[in-house]
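Owing to the predicted nature of the structure, the values given are computational and were not obtained by experimental measurement.
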Amino acid sequence: MKISQLKYAELFTLLAFIFLLIIFSIQGSLTEENALAKENPQELKEEIAKLTKENDELTAKLEERENEFPPNIIIEGAGKYAFPSGSGGLTTNLKNFIATDLAKKIEENFNKYDIDTVVVVGHTDGQSVGNRVSNLDKTLEKSATGNLPIFKLTPGSNADLGLIRALAVVKELQRIFADNNPVETLDAQKSFRAYSAGQLTLPNGTFAEPNPKPDAQRRRIEIRFTKTRKTTTAE
């Protein structure tokens, strides 16, 4: 059983124990001719109030954990983790970071938080990718399923480039966790999602103004953690 499951099991066991304790306390007060209630009803009320408060606090902690997500991780596009210009290829430094630091952090977060999904978002600057013609409509699925190398993908826009880079990170993470996955709630194939924000969003979260100049501060990979939930269809 994993750490996250143990924590839930311990919480639910403690909640059940408290409820049983409240019931037994009430039943105990009714036995022996209601001696405790007759002799010291205030003490009984205080004990029940104390147990009820503890139960409420544990319930609140459980609800807080269910709604809590770990902080995002940003892999900056400047410095030693930069992608080659206009490419989705992973450098040796970036591969090493993913295999050690990032994989370890993902494992820690899955054990600590109630999550099951890692969202990888590729961000670019506003510099044009040139006059290249995108081949993603014909080749993206092949690359995602491992039947075509990432370097065979040709971006025709920054939106394409952001997606290619996000997918490159996802494929590397899938490979790592397929080989060695110590986290039961993490599915090496289904838990990782690749998306692109292109040049749309600045690091501060606002939409970018048109700016075709190279800007390493805007180029980045954003790692988010979340949990899949039941969905409804808009009518």
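- In this structure, Phe192 and Phe177 have tilted ring planes: the angle between them lies in the 30° to 60° band.
- Other cluster members for Val121: Val119, Tyr195, joined by side-chain heavy-atom distances under 4.5 Å among Ile, Leu, Val, Met, Phe, Trp and Tyr.
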Scan the side chains in residues 70-86 for donor-acceptor partners under 3.5 Å anywhere in the protein, sequence neighbours excluded, and list what turns up.
{"from": "Asn72", "atom 1": "ND2", "to": "Glu222", "atom 2": "OE2", "distance (Å)": "3.3"}

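- For Asp137, the CG atom is loosely surrounded, since the number of other residues' heavy atoms within 6.0 Å does not exceed 12.
- With hydrogens and angles disregarded, no donor-acceptor distance shorter than 3.5 Å links the side chain of Arg218 to the backbone of His123.
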Side-chain atoms of residues 149-161: list all donor-acceptor pairs with protein atoms under 3.5 Å, sequence neighbours left out, distances to 0.1 Å.
{"from": "Ser157", "atom 1": "OG", "to": "Ala159", "atom 2": "N", "distance (Å)": "3.4"}
{"from": "Ser157", "atom 1": "OG", "to": "Asp160", "atom 2": "N", "distance (Å)": "3.2"}
{"from": "Asn158", "atom 1": "OD1", "to": "Thr124", "atom 2": "OG1", "distance (Å)": "3.4"}
{"from": "Asn158", "atom 1": "ND2", "to": "Asp125", "atom 2": "O", "distance (Å)": "3.4"}
{"from": "Asn158", "atom 1": "ND2", "to": "Gln127", "atom 2": "O", "distance (Å)": "2.9"}
{"from": "Asp160", "atom 1": "OD2", "to": "Ser134", "atom 2": "OG", "distance (Å)": "2.8"}
{"from": "Asp160", "atom 1": "OD2", "to": "Gly156", "atom 2": "N", "distance (Å)": "2.9"}

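- The local environment of CD in Glu108 is crowded, with over 12 non-hydrogen atoms from other residues, nucleotides or ligands closer than 6.0 Å.
- Neither side chain, Asn93 nor Thr91, offers a donor N or O lying under 3.5 Å from an acceptor on the other.
- Atom CG of Asn131 is surrounded by 12 or fewer heavy atoms from other residues, nucleotides or ligands within 6.0 Å.
- Side-chain contact between Asn180 and Ile176 is absent, with no heavy atoms from C-beta onward closer than 4.5 Å.
- In this structure, OG1 on Thr226 lies 10.0 Å from CG on Asp114, to the nearest 0.5 angstrom.
- Side chains of Ile106 and Leu173 form a contact here, defined as non-hydrogen atoms less than 4.5 Å apart.
- Grouping Ile, Leu, Val, Met, Phe, Trp and Tyr residues whose side-chain heavy atoms lie under 4.5 Å apart, directly or via other members, leaves Leu202 alone, with no other cluster members.
- At distances below 3.5 Å, at least one donor-acceptor pair connects side-chain atoms of Asn96 with backbone N or O atoms of Thr92.
- With sequence neighbours excluded, the residues satisfying side chain to side chain donor-acceptor pair (under 3.5 Å) with Asp116 are Thr228.
- Hydrophobic side-chain contacts under 4.5 Å tie Leu200 into a cluster, directly or through other members, with Phe207.
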